[in-house]
Amino acid sequence: MSSSENNSKIDQYAVIGNPIEHSKSPDIHLLFADQTGEHLNYKKMLAEEDKFSQVVTEFFTNGGKGLNVTVPFKNDACEFVDELTEYAKNAGAVNTIYKNESGKFIGANTDGIGLLRDLKKSLRVQIINKKILIVGAGGATQGIVEPLLHEQPSELLIANRTASKAEAIAEQFKEFGPNVSNIKACALNEIPKQPYDLVLHATSAGLQGNNVELPVEIIGSNTCCYDLLYSDQDTPFMQWAKSYHAEKVVDGFGMLLEQAAEAFYIWRGIRPDTAMAQHYFRPDSKAKPHL
Ligand code: ATR
């Protein structure tokens, strides 16, 4: 049998984005496949910004089994699929596509679940009755608010450069918390000067090496500062948080692993070991105790 024939029998998965070169998803999913003994291929797919549905249609027509979706296509993916899971519908974003038994395309969003698993399992950060600040009100924030509210924080404040965008997200999700008054919104310069238990940085400023100016008073002795971005070096937000001695300062690599694990579970019905994967990719990480 030729290698291409051989290849065509292996279940095909991919991540689609633009740019996509930097993506760690193939490494992660191939490690999960090794761990679990699942036989699959996983590749990166670059699509022109106006060619999302064409590339995705071709991928599935050629036998593709499942797709991860990243920037800038998470909204396009919502339009593409036949049905959305509850989280994906409320987030307005899809990061995982699969086909159900009747051949319909289903769009899921595993980002919020990924964040919560990383916080609770790896970092031992609980949300219930805690004060949480989210900095930023873009797509990343939209994807994490609902699962966070289900954990019943005492307060969830969304602060954004453009306050109206934070207000719109707070309004959209106000029914999901235990009471409507615990989700609030403000401009960056209106953040109350008081400690939060958890500060989630969800702006894209760090991608350009910029830091968002925040009051130092938000860091107390037990504050966890979490950047949803990930990088081999400390992000500008992490550098800032460390300089003010936040108790825990981490990037979003754990979230990336956990959202991938959830997608893997959706596709293959088997849960990979993310603690082992964390150790494999970041053997020196002290910030993330392995269980
Ligand atoms: P994503 O999907 O990654 O969240 P996005 O939807 O473009 O990306 O949102 C980017 C977020 O980063 C927004 O909250 C944006 O603030 P505005 O809504 O005011 O644009 C925030 N952001 C980007 N650059 C920033 C900067 N230099 N300072 C403060 N906030 C910034």
Side-chain angles (χ1 to χ4, degrees), residues 15-25 47 49 52 68-80 84 87-97 107-116 118 132-148 156-173 183-191 196 198-216 218 225-231 234-241 250-256 258-260:
V15 56
I16 184 168
N18 188 346
I20 199 62
E21 211 32 63
H22 66 287
S23 174
K24 290 196 164 42
S25 291
E49 298 228 355
F52 174 78
N68 281 138
V69 182
T70 188
V71 177
F73 297 124
K74 290 185 182 186
N75 302 110
D76 302 71
C78 277
E79 303 295 316
F80 177 85
L84 293 165
Y87 274 153
K89 186 160 68 183
N90 294 327
V94 160
N95 76 338
T96 304
I97 300 178
N109 188 317
T110 64
D111 287 332
I113 297 165
L115 172 67
L116 278 182
D118 192 37
I132 299 173
L133 170 64
I134 302 179
V135 181
T141 297
Q142 186 108 2
I144 60 172
V145 167
E146 183 185 350
L148 281 169
L156 179 63
L157 175 64
I158 305 170
N160 195 41
R161 183 172 60 182
T162 312
S164 58
K165 281 169 71 180
E167 282 155 13
I169 295 182
E171 177 63 25
Q172 181 194 342
F173 288 99
I183 179 161
K184 296 178 180 147
C186 70
L188 291 176
N189 61 8
E190 294 166 350
I191 297 173
Y196 286 82
L198 173 63
V199 180
L200 294 160
H201 178 252
T203 82
S204 52
L207 293 175
Q208 293 88 41
N210 297 327
N211 199 7
V212 177
E213 215 172 293
L214 297 168
V216 298
I218 63 175
C225 287
Y226 192 114
D227 200 331
L228 268 65
L229 296 178
Y230 65 90
S231 163
D234 284 355
T235 63
F237 171 72
M238 291 169 70
Q239 288 169 21
W240 175 84
V250 285
D251 75 355
F253 189 70
M255 173 178 172
L256 179 78
E258 294 292 349
Q259 64 75 29

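Remember, it's 1-based here, ligands and their atoms both numbered in the order they're listed. One is the number of the first residue; the rest follow in order along the sequence.
- Looking at atom 28 (N) of ligand 1, its nearest protein heavy atom turns out to be R161 NH1, 3.6 Å.
- Checking side-chain atoms of D251 against main-chain N and O of D227 turns up no donor-acceptor pair under 3.5 Å.
- The main-chain N or O of G136 is never found under 3.5 Å from a side-chain atom of T203 such that the two would form a donor-acceptor pair.
- With values rounded to the nearest 0.5 angstrom, I158 atom CD1 is found 12.0 Å from I191 atom CD1.
- Remark: ligand 1 atoms within the under-4.0 Å shell around heavy atoms of G136 are 14 (O).
- Shortest contact from atom 10 (C) of ligand 1 to any protein heavy atom: S204 OG, 3.4 Å.
- Using a 4.0 Å cut-off to heavy atoms of A140, the atoms of ligand 1 that qualify are 1 (P), 2 (O), 4 (O).
- Put simply, the side chain of E167 never gets that close to the backbone of A185: no donor and acceptor are under 3.5 Å apart.
- At the top of the distance list for atom 5 (P) of ligand 1, counting protein heavy atoms only, stands G138 CA, 4.0 Å.
- With N18 contributing its side chain and A47 its backbone, the two residues share a donor-acceptor pair below 3.5 Å.
- Counting heavy atoms under 4.0 Å from ligand 1, residue K165 touches it through the side chain alone.
- Looking only at distances, no side-chain donor or acceptor of N160 sits under 3.5 Å from a matching main-chain atom of A166.
- Using cut-offs of 30° and 60° for the angle between ring planes, the Y230 and F253 rings count as perpendicular.
- Note that atom 7 (O) of ligand 1 has no protein non-hydrogen atoms nearby, at separations under 4.0 angstrom.
- Atoms CD1 and CD, on I113 and E258 in that order, are 10.5 Å from each other to the nearest 0.5 Å.
- Residue V212 approaches ligand 1 through these ligand atoms, each under 4.0 Å from one of its heavy atoms: 28 (N), 29 (C).
- Atom 13 (C) of ligand 1 has its closest protein heavy atom at N160 OD1, 3.8 Å.
- Within ligand 1, counting atoms from 1 as listed, the ones closer than 4.0 Å to a heavy atom of G139 are 1 (P), 2 (O), 4 (O), 6 (O).
- Q172 places a side-chain N or O within 3.5 Å of a backbone atom of N90 that can act as its donor or acceptor partner.
- The closest non-hydrogen atom to atom 19 (O) of ligand 1, taken over V71, T162, I134, V135, comes from T162.
- Of all atoms in ligand 1, listed by their number and element, those nearer than 4.0 Å to a heavy atom of A137 are 14 (O).
- Checked against a 3.5 angstrom limit, the closest N/O atoms of T203 and ligand 1 fall outside it.
- Near A205, meaning under 4.0 Å from any of its heavy atoms, are these atoms of ligand 1: 23 (C), 24 (N), 25 (C), 26 (C), 27 (N).
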